[in-house]
There are 2 protein chains.
Amino acid sequence: MDRPRTHTHNIERLKAAGLRPTRQRLALAQLLFANGDRHVTAEQLHGEALEAKVPVSLATVYNTLHQFTESGLLREVVVEASRSYFDTNTGTHHHFFAADSGTLMDIPAGEITLGDLPLPPEGTRIDSVEVIIRVRRAPQTAG
Amino acid sequence: MDRPRTHTHNIERLKAAGLRPTRQRLALAQLLFANGDRHVTAEQLHGEALEAKVPVSLATVYNTLHQFTESGLLREVVVEASRSYFDTNTGTHHHFFAADSGTLMDIPAGEITLGDLPLPPEGTRIDSVEVIIRVRRAPQTAG
DNA sequence: GTGTTTGCAAAGTGTTTGCAATTTA
DNA sequence: TAAATTGCAAACACTTTGCAAACAC
């Protein structure tokens, strides 16, 4: 009972998304939404759930991440061919990605100015625009 | 002998990259670089090679794509969590991506204006900046 | 000849799926 | 109780790897 507000909030959140607030989904929502914006992989979240003494199967974590994404609670970010990242920030924004460490960092939309966009190919319309700035450990500031 | 120039060119290209111009690598280079900019997946390229009566194993296609990428002959584009795309255009540019059809299209760097970029996180430096514009089949121009 | 490259088939990774048991409403 | 959800384990797609045979120089 030490965080009734967040708990209640998450129940609302799930209900609003049309998802039954099950023990597993609530626990995952807790991990995802309790502390601000996060970027997680399925494995990561699964690990955290187990640490938090919430036994959830990896399959359920995957299912839940996808359900959350479909409901607009999460956004999927594709930066690595191998892993999928899920971002709790669903608004328009961009990312720094450090392949070294597998770390994603948000860049608020306002920090990048995009001029006019080119017209999309015939018969299509723009769905989203994302800027990915790949960074690497700086060897040294100077030689 | 119907395209000695391209053939020779590709031999040079491979040698310059420090790769032995083997039958397989030459054939793949032919498919990749003969007709302007391309975006291919390993499976696609493998299929094309077989069609062109050049028996290459999928493993070799993967190896070759990676060797080409390491040598700077190709660039890898990450837009889908499942597949890897390889782009023969290694210069700075951006992409339209139609998830529907799995189609990637180049956007010349000049067609997108990026204002000042935010400072990269402490201890890192910017490696690349890419804009991905996701598009979808337009339902209709108007309702 | 000698070292590189190929190709097969097996192994690996992250992810998805089928289905019985469990849980929610 | 009916319908949704879970979890296991098996199945999956894509990719990588080990090693003997084939090839390039």
Side-chain angles (χ1 to χ4, degrees), chain A residues 7-8 10-29 31 39-47 49-50 52-71 73-74 76-86 99 102 104, chain B residues 7-8 10-31 39-47 49-50 52-71 73-74 76-86 99 102:
Chain A
H7 187 256
T8 307
N10 279 329
I11 291 184
E12 298 306 319
R13 205 195 295 264
L14 291 178
K15 281 188 179 170
L19 297 170
R20 281 193 187 175
T22 65
R23 189 179 342 288
Q24 291 83 339
R25 294 213 267 236
L26 272 172
L28 296 178
L31 291 168
H39 302 90
V40 300
T41 64
E43 294 269 7
Q44 263 170 38
L45 187 59
H46 184 228
L50 298 188
K53 300 277 181 288
V54 184
V56 196
S57 74
L58 185 54
T60 295
V61 172
Y62 274 107
N63 290 337
T64 302
L65 285 173
H66 287 147
Q67 291 155 352
F68 282 13
T69 300
E70 281 158 29
S71 315
L73 262 36
L74 291 177
E76 192 171 354
V77 182
V78 181
V79 283
E80 280 198 314
S82 47
R83 266 183 295 247
S84 282
Y85 287 81
F86 294 86
L104 265 176
Chain B
H7 187 256
T8 306
N10 279 329
I11 290 183
E12 298 306 317
R13 205 194 295 263
L14 292 178
K15 282 187 179 170
L19 297 171
R20 279 196 186 171
T22 65
R23 190 179 342 290
Q24 291 83 340
R25 296 212 267 236
L26 271 172
L28 297 179
Q30 197 65 231
L31 291 168
H39 302 90
V40 300
T41 64
E43 294 268 8
Q44 264 169 36
L45 187 58
H46 184 229
L50 298 188
K53 301 277 182 288
V54 184
V56 195
S57 74
L58 185 54
T60 295
V61 173
Y62 274 107
N63 291 337
T64 302
L65 286 172
H66 287 146
Q67 290 156 352
F68 282 14
T69 300
E70 281 159 29
S71 317
L73 263 36
L74 291 177
E76 191 172 354
V77 182
V78 181
V79 284
E80 281 198 314
S82 46
R83 266 183 296 244
S84 281
Y85 286 82
F86 293 85

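Atoms considered below: every heavy atom in the structure, side chains included; atoms not considered: hydrogens, waters and symmetry mates. Chain letters run A, B, ... following the sequence lines, proteins first, then strands; residues in each count from 1.
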*Please round to the nearest 0.5 Å and tell me the distance separating atom CD of B/Q67 and atom CG of B/L73.*
10.5 Å
*Return the value, rounded to whole Å, for the distance between atom CG of B/L19 and atom P of C/dT5.*
7 Å
*Run the numbers on A/T22 and A/L14 for side-chain contact (heavy atoms from CB on, under 4.5 Å), then give the verdict.*
CA-CA 9 Å; A/T22 65; A/L14 291 178; over 6 Å; no
*Apply the side chain to side chain contact (heavy atoms under 4.5 Å, CB included) test between A/Y85 and each candidate in A/L104, A/V40, A/V78; give the one that qualifies.*
A/L104
*Please round to 10 degrees the angle between the axis of the first five pairs and the axis of the last five pairs in the helix from C/dG1-D/dC25 to C/dA25-D/dT1.*
30°
Interface polar pairs with nucleotides 7-9 of chain C, N/O, under 3.5 angstrom:
from, atom 1, to, atom 2, distance (Å)
C/dG7, OP1, B/Q24, NE2, 3.2
C/dG7, OP1, B/P55, O, 3.2
C/dG7, OP2, B/S57, N, 3.1
C/dG7, OP2, B/T60, OG1, 2.8

*For B/L50, check side-chain contact (heavy atoms from CB on, under 4.5 Å) against everything at least two apart and list the hits.*
B/H46
Which pairs of donor and acceptor atoms, one on a side chain in residues 58-65 of chain B, lie under 3.5 Å apart (sequence neighbours left out)?
from, atom 1, to, atom 2, distance (Å)
B/T60, OG1, B/S57, OG, 3.1
B/N63, ND2, B/A59, O, 3.3
B/T64, OG1, B/T60, O, 2.7

Just the table, please: protein N/O against nucleotides 10-14 of chain D N/O, every pair under 3.5 Å.
from, atom 1, to, atom 2, distance (Å)
D/dC14, O3', B/S82, O, 3.3

*Rounded off to whole Å, could you give me the CG-to-P distance for the A/L65 and D/dG7 pair?*
14 Å
_Which residues pass the salt bridge (Lys or Arg N to Asp or Glu O under 4.0 Å) test with A/R23, not counting sequence neighbours?_
none
*Between A/H46 (NE2) and C/dG14 (P), how many Å, whole number?*
14 Å
*Name the one of A/R13, A/H7, A/E12 that satisfies side chain to side chain contact (heavy atoms under 4.5 Å, CB included) with A/N10?*
A/R13
_Between C/dT24 (P) and A/K15 (NZ): distance, integer Å_ = 13 Å
_Would you compute the distance between atom CG of B/L28 and atom CZ of B/F86 and round it to the nearest 0.5 angstrom?_
12.0 Å
*Write down the distance between CG (A/L14) and P (C/dA25), rounded to a whole number of angstrom.*
10 Å
*Roughly how far apart are A/S84 OG and A/E43 CD, rounded to 0.5 Å?*
11.5 Å
*Report yes if a donor N or O on one partner sits less than 3.5 Å from an acceptor N or O on the other, where the partners are the side chain of B/R20 and the base of C/dT5; otherwise report no.*
no
*Give the rounded distance in Å between these two atoms: CD of A/E76 and P of C/dT15.*
9 Å
*Looking at A/R25, does any N or O in its side chain come under 4.0 Å of the phosphate oxygens OP1/OP2 on D/dT5?*
yes
*Whole-Å distance between D/dT5 P and A/H66 NE2?*
16 Å
